[in-house]
Protein chains: 2
Amino acid sequence: MKITMAAEYAVRCVLYLAQQGSDVLVNRQEIASQARIPDSFLTKIAQDLARAGIITIKQGAKGGYALHRPPRQVNMLEVVEAIIGEISLNECVTKPAACPASPNCAANLVWQEARRRVRDTLRAADFESLAQAGACVSPFPPPPSPPETRP
Amino acid sequence: MKITMAAEYAVRCVLYLAQQGSDVLVNRQEIASQARIPDSFLTKIAQDLARAGIITIKQGAKGGYALHRPPRQVNMLEVVEAIIGEISLNECVTKPAACPASPNCAANLVWQEARRRVRDTLRAADFESLAQAGACVSPFPPPPSPPETRP
DNA sequence: GATAAATAAGACTAAAAAAATCCTATTTAT
DNA sequence: ATAAATAGGATTTTTTTAGTCTTATTTATC
C-alpha cells in the first residue's frame, strides 16, 4: 500500500523544478543532489516524466531538465501516475476478471471510493501551490493559528 | 500502490463470515473455497485476524472460524490493517527520518491528507452494511434507481 | 482414553516487483 | 573535433509478496 520510491522521487524532482520557476533548465546532477535522488535512477524517472509531457529534456552539453508547463498546470496525480500508471488500490478494481463476483461485491465499491478520493486529493495539489507553500504550508486549509500573545 | 492479496483475502473471509451472521462457526475449507482463498494461506491470514480480535478460532474437530463481534462493529480499515499494518502511502509519512525535509514539505501534507481519506473511507465500511448490501449495493449512497416500467 | 478431524505455528521456497546500476550510444554547445 | 551532457536498454541486487510444507496441538466423538 505504498507509493514507490520512483514516484516519490518524481514528485521531488518536479517540485524542485517548480521552485526554480517555469522553463528554467536545471542539470540532472543538481536535481539529483538537491532532491536526494540517485542520479542514475533519475534518468529513468525523467524519461517517464518527459513522455507524459510534464518535463522537457534538453540533451547535450548544457543540457538538463525543465518543466514543460507552468507549475500551476501540473499536479501530483499526473506526476505519480506518469511513473506508476493509473492508481488503483486492488486487483478487483483493476482486473474484474480476477474476481468473478466483483460487480456483486459491496467491498469493491468501497475500494473504488477510496481510490477516487486518493486520486482527487493528489489531483488537487498543483505544483505552483506546493512550491509556494514551501516550508510547512499545505494546499489544504491550514490549522487556525494561535492567538497573538504579544501586542 | 496496491493492497496485498492477503488483505483482499482477509476482507473476503470476514465478509463471508459476516454473511453467515455473528458467532456462526465455519470451517476453514468452506471459507477458503467460497471466498476463493488458497486454503493454506488462509491459516496465516486467520492468525492475524484473530490476533486483532476480529475473529475467533476454534481448534480441534468441528473447529473453524467465527466473527468475534457483531459485523456492525467490524470495518474494512481494521481488517486491512490487521494484515498489512497501518496504511501509509509513502515513506515520508511513515519514517520522517527518511526525509529530513519532511516537516518543510508541502507534498508531505498532501500525502497525509490522501492517507487520511483512504483510511476514513475504509473505516466507514462496516461489515453489516457490506453483508446486507450483498449484490451490487454500497455503503455509499446508491445511484438513483431507474423508474419502474411495469405496474 | 484412543482416534480422527480440525487448526496452529513457523520454517521454507518461489515468483514478482522495486530499486538501482552499468554500459554503449546519441546529442549539442563551444 | 571535443567535451559535456542525456538517452535507452540490459543487467543486477534487494525486498516483498504469495504461497507451501511440515510438525505440533487441540478437541469432539466413540
Side-chain angles (χ1 to χ4, degrees), chain A residues 1-13 17 24-33 35-52 54-66 68 80 82-85 87-91 94-95 98-99, chain B residues 1-13 17 24-33 35-52 54-66 68 80 82-85 87-91 94-95 98-99:
Chain A
M1 192 62 180
K2 289 257 170 51
I3 230 56
T4 62
M5 288 309 295
E8 283 205 53
Y9 291 154
V11 169
R12 296 217 292 249
C13 168
L17 290 174
V24 176
L25 200 68
V26 183
N27 88 44
R28 196 183 64 216
Q29 287 207 4
E30 177 182 334
I31 300 171
S33 72
R36 306 181 312 285
I37 304 170
D39 182 63
S40 51
F41 199 16
L42 181 51
T43 66
K44 306 313 261 331
I45 292 163
Q47 285 165 40
D48 286 339
L49 292 174
R51 248 177 252 125
I54 295 168
I55 66 171
T56 295
I57 298 178
K58 189 177 180 200
Q59 283 194 195
K62 304 266 181 180
Y65 306 149
H68 183 57
V80 168
I83 306 299
I84 63 171
I87 287 175
S88 89
L89 305 184
N90 68 344
E91 287 259 304
T94 331
K95 359 181 187 166
C99 183
Chain B
M1 192 64 181
K2 290 259 169 48
I3 229 57
T4 62
M5 288 309 295
E8 282 206 55
Y9 290 153
V11 169
R12 296 218 291 250
C13 168
L17 291 174
V24 177
L25 201 68
V26 183
N27 87 45
R28 196 183 62 217
Q29 287 205 5
E30 177 181 334
I31 300 172
S33 72
R36 305 180 315 283
I37 303 170
D39 181 64
S40 50
F41 199 16
L42 181 52
T43 66
K44 308 307 262 335
I45 292 163
Q47 284 165 41
D48 286 339
L49 291 174
R51 249 175 251 126
I54 294 167
I55 66 171
T56 295
I57 297 177
K58 187 176 182 201
Q59 284 194 193
K62 305 265 181 182
Y65 306 148
H68 183 58
V80 169
I83 307 298
I84 65 173
I87 287 175
S88 88
L89 306 185
N90 68 344
E91 287 260 305
T94 332
K95 356 181 189 166
C99 184

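Sequence lines set the chain letters: A, B, ... in the order given, protein chains first and strands last, and positions in each chain run from 1.
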**Student:** Could you check whether any side-chain N or O of B/Arg12 sits under 3.5 Å from a backbone N or O of B/Ile37, counting only pairs where one atom can act as donor and the other as acceptor?
**Tutor:** no
**Student:** Check side chain to side chain donor-acceptor pair (under 3.5 Å) between A/Thr56 and all other residues, then give those that pass, not counting sequence neighbours.
**Tutor:** A/His68
**Student:** Heavy atoms of chain B, cut-off under 4.0 Å: which first and last nucleotide of DNA chain C, 5' to 3', fall inside that, if you could look?
**Tutor:** C/dA5 to C/dA11
**Student:** Name the nucleic acid region contacted by A/Gln29, choosing base, sugar-phosphate or nothing; use a 4.0 angstrom heavy-atom cut-off, strictly under.
**Tutor:** nothing
**Student:** Go through the structure and list residues passing side chain to side chain contact (heavy atoms under 4.5 Å, CB included) with A/Ala52, not counting sequence neighbours.
**Tutor:** A/Ile54, A/Ala82
**Student:** Using 0.5 Å steps for rounding, measure from the CD1 atom of A/Ile31 to the CG atom of A/Asp39.
**Tutor:** 9.5 Å
**Student:** Taking side chain to side chain donor-acceptor pair (under 3.5 Å) as the test, write out the residues that go with B/Gln59, two or more places apart.
**Tutor:** none
**Student:** Can you list everything that forms a side chain to side chain contact (heavy atoms under 4.5 Å, CB included) with A/Ile84? Sequence neighbours excluded, please.
**Tutor:** A/Ile3, A/Thr4, A/Ala7, A/Val80, A/Ile87, B/Met1
**Student:** Could you tell me how far apart B/Lys62 (NZ) and D/dA28 (P) are, to the nearest whole angstrom?
**Tutor:** 11 Å
**Student:** Let me test you: for the helix from C/dG1-D/dC30 to C/dT30-D/dA1, what is the angle between the axes at its two ends (five pairs each), rounded to 10 degrees?
**Tutor:** 10°
**Student:** Please identify each residue that fulfils side chain to side chain contact (heavy atoms under 4.5 Å, CB included) with B/Gln47, with sequence neighbours left out.
**Tutor:** B/Thr43, B/Arg51
**Student:** Taking only residues two or more places apart in sequence or in another chain, which ones pass side chain to side chain contact (heavy atoms under 4.5 Å, CB included) with B/Met5?
**Tutor:** A/Glu91, B/Glu8, B/Tyr9
**Student:** Whole angstroms only, please: what is the CG-C1' distance between B/Asn27 and D/dA28?
**Tutor:** 14 Å
**Student:** Return the set of residues passing side chain to side chain donor-acceptor pair (under 3.5 Å) with A/Asn27 (not counting sequence neighbours), or none when no residue passes.
**Tutor:** none
**Student:** Taking the nucleotide of DNA chain C with the closest heavy atom to each, which residue, B/Ala50 or A/Ala61, is nearer the 5' end?
**Tutor:** B/Ala50
**Student:** Can you check whether B/Gly64's main-chain N or O pairs, donor with acceptor, with B/Arg28's side chain at less than 3.5 Å?
**Tutor:** no
**Student:** In the 5'-to-3' direction, what one-character label does each nucleotide of nucleotides 10-23 of chain D receive under the scheme B = base within less than 4.0 Å of a protein heavy atom, S = sugar-phosphate only, - = no such atom?
**Tutor:** B------SSBB---
